[in-house]
K.L.:
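So that we are looking at the same thing, I have put the structure below in structure tokens.
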Amino acid sequence: MRRRPLAIRGCVTATVTGLLVAVAALQGPAAAGAGGPRARAAEAVPSVSSAAADAYWTPERMRAALPAGSARKGPAADDPVPPSHPFDGLPQVGTFFWTDGQNTGRFCGGTVVRSPHRDLVVSAAHCLRSPDPKKRLSFVPQYHDGLKPHGVFPVELIYIDQRYYDLGTDGGARWDYTVVRLGRRADGTRVERAVGGFDLAVYPGYRHGNVRLIGYPGSSDARYPKPLDCSSSTHRYTSTDPAAPGDFLEIACAGYVGGTSGGPFLVRRFGGYALIGVIGGYHTGGDTPDISYSSYFTEDLWELYVQAVRGDDPAAP
């Protein structure tokens, strides 16, 4: 059955596989879609205050952080691909920072999406799937050049599809996305109040002629790396790897090395941008720096969004 694109806004009624769900009504315990076992998995993280997170993540520590997940390796694509260029970023797109069990700084990209409580970010599940403790886990919107132009927001909950936990990064590549719930900034401001947010598009289609791809590279000639920006087209890629089955969004953009995971695929809709993918999915985003992938956004991501809006109790990976 052909799916119609669905753009999810903070307080609108959306249709997902024939079921009408009012997002604003999802705050109560009897809301539709709650408690689904396959999409209910969430991960609690060690709590950190906004002030403590802001104080810890100095420019030097952010610069020294390493990419989360698998580094992207291999030769570039043979065919010419659109170039990327560094820029100062968008307020709605930023970076998660945390320290792992060895106290090594890690990072991964994320994008603020519209939601009733104005506190949700979408990223790649492979960035945050590891059960290794994530200390001082925080989100820095529009991080660039060692700066925190909109402050620091601590992470409260991580929602990942249970099948991704169970099947791993290859077997579960179709579910390589996560919805993350943030706490308030030190002054009490919610992240969407501070920087705005994009629509979250479910079943957006595979073919798009002008997609903006943004990612934070794990290496740079500059002292403090800037995010990369590129415009290109997307199409459907059906995996030929039996260990990583599924259909994915594929985009050609040059230079998206390790560290760009979780970065957004953005398209213009409804007078603004909509999020249709995040770098990840097939081989955690691809085998070369010039071809990137995203898991296809379906009702499974919508279910995670519902769980995050409701603030359901976290479950173990």
Side-chain angles (χ1 to χ4, degrees), residues 6-8 67-70 72 84 89-90 92-96 106-115 120-129 139 141-143 155 158-161 164 169 172-182 191 197-206 208 211-218 227-232 234 236-237 244 246-253 256-267 269 273-286 289 291-305 308:
L6 167 66
I8 301 173
S70 301
R72 305 179 67 181
S84 62
L90 299 178
Q92 300 88 344
V93 180
T95 307
F96 289 101
R106 300 285 178 179
F107 74 92
C108 190
T111 303
V112 180
V113 296
R114 293 188 174 102
S115 63
L120 300 184
V121 173
V122 172
S123 183
H126 74 264
C127 293
L128 302 174
R129 172 181 178 267
F139 183 68
Q142 202 179 0
Y143 167 71
V155 168
I158 301 170
Y159 293 85
I160 293 175
D161 194 293
Y164 194 76
T169 56
R174 285 171 287 184
W175 300 282
D176 189 3
Y177 37 64
T178 177
V179 181
V180 180
R181 184 167 175 171
L182 303 181
V191 67
F198 296 140
D199 291 343
L200 176 60
V202 175
Y203 291 109
Y206 290 92
H208 299 272
V211 176
R212 192 172 184 184
L213 186 69
I214 297 173
Y216 283 84
L228 297 177
D229 193 9
C230 173
S231 293
S232 187
T234 60
R236 185 174 191 160
Y237 174 75
D247 294 320
F248 304 91
L249 281 178
E250 182 180 82
I251 189 170
C253 271
Y256 283 72
V257 297
T260 55
S261 289
F265 289 56
L266 300 174
V267 296
R269 283 188 184 166
Y273 281 116
L275 179 68
I276 66 167
V278 293
I279 297 174
Y282 179 71
H283 291 183
T284 61
I291 304 293
S292 298
Y293 298 90
S294 171
S295 302
Y296 190 60
F297 286 1
T298 68
E299 74 268 16
D300 296 325
L301 176 57
W302 165 253
E303 291 179 17
L304 294 181
Y305 177 91

K.L.:
Find out whether Tyr177 and Asp300 are in side-chain contact, i.e. whether some heavy atom of one side chain is under 4.5 Å from a heavy atom of the other.
P.N.:
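The answer is yes, as the side chains (C-beta and beyond) meet within the 4.5 Å cut-off.
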K.L.:
Check step by step if side-chain contact (heavy atoms from CB on, under 4.5 Å) holds for Thr178 and Leu304.
P.N.:
CA-CA 7 Å; Thr178 177; Leu304 294 181; 5.8 Å; no
K.L.:
State whether a side-chain donor-acceptor pair under 3.5 Å links Arg212 with Tyr273.
P.N.:
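Result is yes, a qualifying pair exists.
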K.L.:
Mind listing the closest non-hydrogen atom pair of Ser261 and Cys108 along with its distance?
P.N.:
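Looking at all heavy atoms of both residues, the closest pair is O-SG, 3.1 Å.
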K.L.:
List the atom of Pro204, the atom of Ile276, and the distance in Å for their closest heavy-atom pair.
P.N.:
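Shortest heavy-atom separation between Pro204 and Ile276 comes out as CB-CG2, 3.6 Å.
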K.L.:
Pro217 and Val257: which non-hydrogen atoms are nearest, and at how many Å?
P.N.:
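Closest pair (atom of Pro217, atom of Val257, distance): CB-CG2, 3.8 Å.
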K.L.:
Pick out which of Leu228, Ile251, Ile291 makes a side-chain contact (heavy atoms from CB on, under 4.5 Å) with Tyr256.
P.N.:
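So the option named by the test is Leu228.
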K.L.:
What are the two closest non-hydrogen atoms of His126 and Gly280, and how far apart are they?
P.N.:
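Reported closest heavy-atom pair: CE1-CA, 3.9 Å.
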K.L.:
Below 4.5 Å, heavy atoms only, C-beta onward: do Leu213 and Ser232 meet side chain to side chain?
P.N.:
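Contact flag for Leu213/Ser232 side chains = no.
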K.L.:
Does Ser294 use its side chain to pair, donor to acceptor, with the backbone of Ile279 at less than 3.5 Å?
P.N.:
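A pair under 3.5 Å: no.
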K.L.:
Does Leu266 reach the side chain of Ile214, with side-chain heavy atoms less than 4.5 Å apart?
P.N.:
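Of all side-chain heavy-atom pairs linking Ile214 with Leu266, at least one is under 4.5 Å.
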K.L.:
Is the backbone N or O of Ser295 less than 3.5 Å from a side-chain atom of Asp176, with the two atoms forming a donor-acceptor pair by type?
P.N.:
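Judged by distance alone, no pair lies under 3.5 Å.
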K.L.:
Donor-acceptor pair, distance only, cut-off 3.5 Å: does the side chain of Tyr296 make one with the backbone of Gly205?
P.N.:
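At least one qualifying donor-acceptor pair exists.
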K.L.:
Does the side chain of Leu90 reach to within under 4.5 Å of the side chain of Phe198, using non-hydrogen atoms?
P.N.:
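Contact flag for Leu90/Phe198 side chains = yes.
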K.L.:
Looking at side-chain heavy atoms only, is the closest gap between Tyr164 and Thr169 below 4.5 Å?
P.N.:
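In short, these two side chains touch, coming nearer than 4.5 Å.
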K.L.:
For the residue pair Tyr293 and Tyr282, categorise the inter-ring angle as parallel (less than 30°), tilted (30 to 60°) or perpendicular (more than 60°).
P.N.:
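Aromatic pair Tyr293/Tyr282 classed perpendicular.
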K.L.:
Hey, do the aromatic rings of Phe107 and Phe96 have their centres closer than 6.0 Å?
P.N.:
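No, the ring centres sit 6.0 Å or more apart.
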K.L.:
Using only atom types and a distance under 3.5 Å, with no angle test, would you say the side chain of Gln142 pairs donor to acceptor with the backbone of Gly89?
P.N.:
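It does hold such a pair.
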K.L.:
Would you give the length of the straight line joining atom CG of Asp161 to atom OG1 of Thr298, rounded to the nearest 0.5 angstrom?
P.N.:
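The distance works out to 8.0 Å.
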K.L.:
Run the numbers on Val122 and Val278 for side-chain contact (heavy atoms from CB on, under 4.5 Å), then give the verdict.
P.N.:
CA-CA 8 Å; Val122 172; Val278 293; 4.1 Å; yes
K.L.:
Between the side chain of Thr234 and the main-chain N/O of Tyr206, is any donor-acceptor distance below 3.5 Å?
P.N.:
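Yes, Thr234 side chain to Tyr206 backbone: donor-acceptor pair under 3.5 Å.
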K.L.:
Please name the pair of heavy atoms, one in Phe139 and one in Val112, separated by the smallest distance, quoted to 0.1 Å.
P.N.:
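Shortest heavy-atom separation between Phe139 and Val112 comes out as CE2-CG2, 3.9 Å.
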K.L.:
Quick one: does any side-chain atom of Ser123 pair with a main-chain N or O of Gly109 as donor and acceptor, under 3.5 Å?
P.N.:
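At least one qualifying donor-acceptor pair exists.
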K.L.:
Run the numbers on Leu275 and Phe297 for side-chain contact (heavy atoms from CB on, under 4.5 Å), then give the verdict.
P.N.:
CA-CA 9 Å; Leu275 179 68; Phe297 286 1; 4.0 Å; yes
K.L.:
Under the criterion salt bridge (Lys or Arg N to Asp or Glu O under 4.0 Å), I'd like the reasoning laid out for Arg269 against Asp199: C-alpha separation, chi angles, the key distance, then a yes or no.
P.N.:
CA-CA 9 Å; Arg269 283 188 184 166; Asp199 291 343; over 6 Å; no
K.L.:
Can you list the steps and then say if Val180 with Leu120 is a side-chain contact (heavy atoms from CB on, under 4.5 Å)?
P.N.:
CA-CA 6 Å; Val180 180; Leu120 300 184; over 6 Å; no
K.L.:
Check whether any side-chain heavy atom of Val267 lies under 4.5 Å from a side-chain heavy atom of Phe265, and answer yes or no.
P.N.:
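Val267 does not reach Phe265 side chain to side chain.
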